[in-house]
> 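Below you will find the structure I want to go over with you.
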Amino acid sequence: MRRIITIACLLIVSFLLQTTVFSLHDLAGSAPNLTLILTMSFGIMRGRREGLLTGFFSGLLYDLFFGSYLGIYAFIYMTIGYLNGRFHQKYLMEDISLPVFIIIVDQLFLDMIIFVGNFLLRNRVNLGYYFLHQMMPQLLYDVLITVIVYRVLLRINRYLRRKAAES
């Protein structure tokens, strides 16, 4: 129960930080995607089920506040969380290189889906412009924030495991 409450609080705090504080201090019009970082982190640290659930609720939160249709981002984030959960127990969690690589792949996957859904279907096919002005700043910002946030989430995960072992 403690783990569920902690993850829910982390999800709400990361969403609020992403939409308020970081959107005011953006880099080239992009704010870090903390909910994606949270989904990726818990997918890697806790497995497919936890990544899927964290991704679903991250995407649902995004859908409720910013989405045009309910469930699109929930499905995308859920898929990302599930796929990231496949890396659980296959690497050393303290190593930061895999989470950085995975957040790059996740962000590119998310941005390509957004590009197809929002631009390509409306016959706006300038992928180069979108890549340079939207995807790259978002990607760089996410990588920088991942290095910091992942270590904090790793400590929280260790604390939750230790408390669960004590119970």
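Starting from 1, each residue takes its place in the sequence as its number.
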> Partners of Tyr73 by ring pair (Phe, Tyr, Trp, His ring centres under 6.0 Å), sequence neighbours excluded?
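Ring pair (Phe, Tyr, Trp, His ring centres under 6.0 Å) list for Tyr73, sorted by chain: Tyr62.
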
> Quick one: list whatever passes salt bridge (Lys or Arg N to Asp or Glu O under 4.0 Å) with Arg3, sequence neighbours left out.
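If we apply the salt bridge (Lys or Arg N to Asp or Glu O under 4.0 Å) test to Arg3, skipping adjacent residues, the hits are Glu50.
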
> Taking C-beta and beyond as the side chain, do Tyr150 and Ile44 meet within less than 4.5 Å on heavy atoms?
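Yes, close enough: below the 4.5 Å cut-off.
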
> Can you name the closest pair of heavy atoms from His88 and Met45 and give their distance?
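Scanning both residues completely, I find the closest heavy atoms to be CE1-O, 2.9 Å.
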
> Asp63: which residues meet the side chain to side chain donor-acceptor pair (under 3.5 Å) condition with it, sequence neighbours left out?
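Residues passing side chain to side chain donor-acceptor pair (under 3.5 Å) with Asp63: none at all.
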
> Donor-acceptor pair, distance only, cut-off 3.5 Å: does the side chain of Gln138 make one with the backbone of Ala31?
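Between the backbone of Ala31 and the side chain of Gln138 there is a qualifying donor-acceptor contact (under 3.5 Å).
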
> Under the ring pair (Phe, Tyr, Trp, His ring centres under 6.0 Å) rule, collect the residues that match up with Tyr129, sequence neighbours excluded.
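Tyr129: ring pair (Phe, Tyr, Trp, His ring centres under 6.0 Å) contacts with His133.
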
> Give the cluster check for Met136 versus Phe115: same hydrophobic cluster or not, with ILVMFWY residues linked at side-chain heavy-atom distances below 4.5 Å.
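Linked, Met136 and Phe115 end up in one cluster.
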
> Between the main-chain N or O of Asp142 and the side-chain N or O of Gln107, is there a donor-acceptor pair closer than 3.5 Å?
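Such a contact is absent between Gln107 side chain and Asp142 backbone.
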
> Report yes if some heavy atom in the side chain of Tyr159 is under 4.5 Å from a heavy atom in the side chain of Thr6; otherwise report no.
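Sidechains of Thr6 and Tyr159: no contact.
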
> In terms of the angle between their ring planes, are Phe22 and Tyr141 parallel, tilted or perpendicular, with boundaries placed at 30° and 60°?
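The rings of Phe22 and Tyr141 stand perpendicular, inter-plane angle above 60°.
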
> Of all the heavy-atom pairs spanning Gln18 and Thr35, show the shortest one and how long it is.
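Heavy-atom minimum between the residues: OE1-N, 3.1 Å.
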
> Partners of Arg158 by salt bridge (Lys or Arg N to Asp or Glu O under 4.0 Å), sequence neighbours excluded?
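Per chain and number, Arg158 pairs via salt bridge (Lys or Arg N to Asp or Glu O under 4.0 Å) with Glu94.
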
> Starting at CD1 of Ile156, measure out to CG of Leu160 and round the result to the nearest 0.5 Å.
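CG of Leu160 is found 7.5 Å from CD1 of Ile156.
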
> Could you go step by step and tell me if Phe87 and Leu98 meet the side chain to side chain contact (heavy atoms under 4.5 Å, CB included) rule?
CA-CA 9 Å; Phe87 292 102; Leu98 185 65; 4.2 Å; yes

> Using the side chain to side chain contact (heavy atoms under 4.5 Å, CB included) rule, pick out the option among Ile102, Ile104, Ile103, Asp106 that qualifies with Thr146.
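For Thr146, the side chain to side chain contact (heavy atoms under 4.5 Å, CB included) check succeeds only for Ile103.
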
> Tell me whether the count of non-hydrogen atoms from other residues, nucleotides or ligands lying under 6.0 Å of CZ in Arg86 goes above 12.
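No - once you tally the heavy atoms of other residues, nucleotides and ligands closer than 6.0 Å, there are 12 at most.
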
> Side-chain heavy atoms under 4.5 Å apart, restricted to Ile/Leu/Val/Met/Phe/Trp/Tyr: what other residues fall into the cluster of Ile4, or is it alone?
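Members besides Ile4: none; it forms no cluster.
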
> Using residues 76-83 as the side-chain source, report each donor-acceptor pair under 3.5 Å to any protein atom, sequence neighbours left out, with the distance given to one decimal.
from	atom 1	to	atom 2	distance (Å)
Tyr77	OH	Asn33	OD1	3.2
Tyr77	OH	Asn33	ND2	3.0
Thr79	OG1	Phe75	O	2.8

> Please enumerate all residues that pass side chain to side chain contact (heavy atoms under 4.5 Å, CB included) together with Leu53, with sequence neighbours excluded.
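Applying side chain to side chain contact (heavy atoms under 4.5 Å, CB included) to Leu53 gives Arg49.
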
> Of all residues at least two apart in sequence or in a different chain, which pass the side chain to side chain contact (heavy atoms under 4.5 Å, CB included) check with Met135?
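Partners of Met135 by the side chain to side chain contact (heavy atoms under 4.5 Å, CB included) criterion, ordered by chain and then number, come out as Leu108, Asp111, Met112, Tyr130, Phe131.
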
> Are side-chain heavy atoms of Leu153 and Phe42 found at a separation under 4.5 Å?
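Result yes, sub-4.5 Å side-chain heavy-atom pair found.
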
> In chain order, what residues pass the ring pair (Phe, Tyr, Trp, His ring centres under 6.0 Å) check against Tyr69, with sequence neighbours excluded?
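Applying ring pair (Phe, Tyr, Trp, His ring centres under 6.0 Å) to Tyr69 gives none.
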
> Could you tell me whether the side chain of Leu11 reaches within less than 4.5 Å of the side chain of Ser58, counting heavy atoms only?
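A side-chain contact exists here, since the closest heavy-atom pair is under 4.5 Å.
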
> Which pair of non-hydrogen atoms, one from Thr39 and one from Gly51, has the smallest distance, and what is that distance?
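It is CG2-O, 3.9 Å.
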
> Is it possible for you to say whether Ile148 and Leu144 belong to one hydrophobic cluster, with membership spreading through side-chain heavy-atom contacts below 4.5 Å?
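No, Ile148 and Leu144 fall in different hydrophobic clusters.
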
> Using a side-chain heavy atom cutoff under 4.5 Å and only I, L, V, M, F, W and Y, what cluster partners does Ile5 have?
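Taking Ile, Leu, Val, Met, Phe, Trp and Tyr as members, Ile5 shares its hydrophobic cluster with Met1.
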
> Apart from Ile12 itself, which Ile, Leu, Val, Met, Phe, Trp or Tyr residues share its cluster (side-chain heavy atoms under 4.5 Å, direct or through members)?
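Via sub-4.5 Å side-chain contacts, Ile12 links to Leu16.
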
